[in-house]
Q: 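Supplied in structure tokens, the structure appears directly below.
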Amino acid sequence: MYYTLADIYVSDIECLQTAFAQDTYGVGFSESLDTMSERMRSVLSVNGDSYSNNRHQDNGTIIRNGIVYRTQQSTEETCVLYRDGTMKIYSPDNFDPQAAIDNGAWQTWVFGPSLLDENGNAKSDFLTLDYITESHPRTAIGYYEPGHYCLLVVDGRQPGFSRGMFLEEMSQLFADLGCKAAYNLDGGHCSFMDRQANCISTPYKPSKEISDGIFICEPGGGNV
């Protein structure tokens with residue numbers, strides 16, 4: 001297995017930004033991660049959760065860079081990054097969109113599943129489709145404490161180089177890293193990591209246009 005792991009510290013939560021393809025919220029917009037990274041002037045970036053994916057019932061609650069785009073329920077777990085730097089993951093039955101907004105939600109992602117239990121231990125049972133539990137290229141975000149995060153991209157579908165990871169394997173990796181929480185994002189051919197608009201992971205196919213991304217920017221950078 002081959003993966004790229006970025007250990008990230010931010011002093012200002014506005015350095016951890018998101019962006020939609022073509023800078024437009026909605027269905028049917030796509031853009032390569034490198035062009036989004038260049039537009040965002042990011043230091044580091046990965047793909048996001050494909051927020052417009054029809055797999056999500058009602059498509060969930062989407063808050064990006066503090067802007068509320070929709071407040072709907074979802075059958076998936078929702079990951080919330082708050083303005084105070086904390087990151088929490090909610091089950092469908094325990095997520096209150098208005099409470100998240102009132103408490104200062106900065107970003108939300110709806111894909112999942114969560115990878116660690118409430119004590120930071122690896123999980124073996126996941127709220128997701130069986131297909132997603134199988135070995136695939138992966139992208140995920142991990143949380144240590146406010147201001148300290150990690151981004152992971154796992155390469156896969158390349159015999160003799162990297163087959164990807166099963167969810168249980170990635171869950172154990174985040175537990176071994178000491179994360180308190182971790183959340184699976186979109187994977188497969190959407191998994192990319194860029195450093196200053198240059199791909200530093202090893203995807204099994206050339207760059208693919210995606211619907212959104214996560215961007216680590218210098219203070220005053222990005223679109224905020």
Q: If a pair satisfies salt bridge (charged side-chain N to carboxylate O under 4.0 Å, His left out) and one of its residues is in residues 83-95, list it, with sequence neighbours excluded.
A: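 Of all non-adjacent pairs touching residues 83-95, those that pass salt bridge (charged side-chain N to carboxylate O under 4.0 Å, His left out) are Glu14-Arg83.
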Q: Quick check against the 3.5 Å criterion: does Gln17 have a side-chain atom that pairs as donor or acceptor with the backbone of Ile214?
A: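 No, the answer is negative, given that no donor and acceptor are paired below the 3.5 Å cut-off.
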Q: Closer than 3.5 angstrom, by distance alone: can the side chain of Tyr51 be matched with the main-chain N or O of Gly26 as a donor-acceptor pair?
A: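 Yes.
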Q: Any chance the rings of His136 and Tyr131 have centres within less than 6.0 Å?
A: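 Yes; Tyr131 has its ring centre under 6.0 Å from that of His136.
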Q: Which pairs pass salt bridge (charged side-chain N to carboxylate O under 4.0 Å, His left out) with one or both residues in residues 16-42, sequence neighbours excluded?
A: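 Every pair satisfying salt bridge (charged side-chain N to carboxylate O under 4.0 Å, His left out) with a residue in residues 16-42: Asp23-Arg39, Glu31-Arg39.
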Q: Taking side chain to side chain donor-acceptor pair (under 3.5 Å) as the definition, give me every residue that meets it alongside Thr139, ordered by chain and number, with sequence neighbours left out.
A: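 Partners of Thr139 under the side chain to side chain donor-acceptor pair (under 3.5 Å) test: Asn47, Ser191.
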Q: Does Arg138 come within less than 4.0 Å of Glu169, counting only side-chain N to carboxylate O?
A: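 Looking at Arg138 and Glu169, the cut-off is not met.
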Q: If the condition is side chain to side chain donor-acceptor pair (under 3.5 Å), which residues does Asp125 pass it with, not counting sequence neighbours?
A: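 Here no residue qualifies.
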Q: Share the residues that join Phe161 in a hydrophobic cluster, the rule being Ile, Leu, Val, Met, Phe, Trp or Tyr side chains under 4.5 Å apart at the heavy-atom level.
A: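 For the cluster that includes Phe161, the remaining residues are Tyr2.
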Q: State which residues pass side chain to side chain contact (heavy atoms under 4.5 Å, CB included) with Asn119; sequence neighbours excluded, sorted by chain then number.
A: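 With sequence neighbours excluded, Asn119 shows a side chain to side chain contact (heavy atoms under 4.5 Å, CB included) to Asp117, Asn121, given in chain and number order.
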Q: Out of the candidates Ile216, Asp7, Thr4, only one should pair with Leu151 under the side-chain contact (heavy atoms from CB on, under 4.5 Å) rule; please name it.
A: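 That would be Ile216.
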Q: Would you please say whether a donor-acceptor pair under 3.5 Å links the side chains of Thr133 and Asp130?
A: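 There is no such pair (donor and acceptor under 3.5 Å, judged by atom type) between the side chains of Thr133 and Asp130.
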Q: According to side chain to side chain donor-acceptor pair (under 3.5 Å), who are the partners of Gln98, at least two apart in sequence or on a separate chain?
A: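 Gln98: side chain to side chain donor-acceptor pair (under 3.5 Å) contacts with Asp102.
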Q: So does Leu33 get a backbone contact from the side chain of Glu209, meaning a donor-acceptor N/O pair under 3.5 Å?
A: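 A pair under 3.5 Å: no.
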Q: For His189, check side chain to side chain donor-acceptor pair (under 3.5 Å) against everything at least two apart and list the hits.
A: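 Scan of His189 (side chain to side chain donor-acceptor pair (under 3.5 Å), adjacent residues dropped) gives none.
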Q: Restricting to ring pair (Phe, Tyr, Trp, His ring centres under 6.0 Å), what partner residues turn up for Phe126, sequence neighbours left out?
A: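 Ring pair (Phe, Tyr, Trp, His ring centres under 6.0 Å) list for Phe126, sorted by chain: empty.
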Q: Okay, side chain of Ser37, backbone of Ser45: is any donor-acceptor separation there less than 3.5 Å?
A: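 No: the side chain of Ser37 does not pair with the backbone of Ser45.
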Q: Checking one residue: Phe29. Which other hydrophobic residues are in its cluster under the side-chain 4.5 Å linking rule?
A: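 Members besides Phe29: none; it forms no cluster.
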Q: Determine whether a donor-acceptor pair (N or O, by modelled atom type, separation under 3.5 Å) exists between the side chain of Tyr3 and the backbone of Met1.
A: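 It does not hold such a pair.
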Q: I'd like to know if the side chain of Ser42 and the backbone of Met40 have a donor-acceptor N/O pair within less than 3.5 Å.
A: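 Not confirmed, Ser42 side chain does not pair with Met40 backbone.
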Q: Filter on ring pair (Phe, Tyr, Trp, His ring centres under 6.0 Å), then keep only pairs touching residues 63-89, sequence neighbours left out; what's left?
A: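 Pairs touching residues 63-89 that pass the test: Phe20-Tyr69, Tyr25-Tyr69.
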Q: Answer with yes or no whether the side chains of Asp186 and Ser50 bring together a donor and an acceptor at under 3.5 Å.
A: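 Checked: Ser50/Asp186 side chains pair up, N/O donor to acceptor below 3.5 Å.
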Q: Name each donor-acceptor pair under 3.5 Å that joins a side chain in residues 107-116 to protein atoms two or more places apart or in another chain, with its distance.
A:
| from | atom 1 | to | atom 2 | distance (Å) |
| --- | --- | --- | --- | --- |
| Gln107 | OE1 | Thr18 | OG1 | 2.7 |
| Gln107 | OE1 | Asn65 | N | 2.9 |
| Gln107 | NE2 | Leu16 | O | 3.2 |
| Gln107 | NE2 | Asn65 | OD1 | 2.8 |
| Thr108 | OG1 | Thr61 | O | 2.8 |
| Thr108 | OG1 | Ile63 | N | 2.8 |
| Ser114 | OG | Glu77 | OE1 | 3.3 |
| Ser114 | OG | Glu77 | OE2 | 3.0 |
| Ser114 | OG | Lys123 | NZ | 2.8 |

Q: Within the side chain of Tyr149, is there an N or O that forms a donor-acceptor pair under 3.5 Å with the backbone of Val10?
A: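 Not confirmed, Tyr149 side chain does not pair with Val10 backbone.
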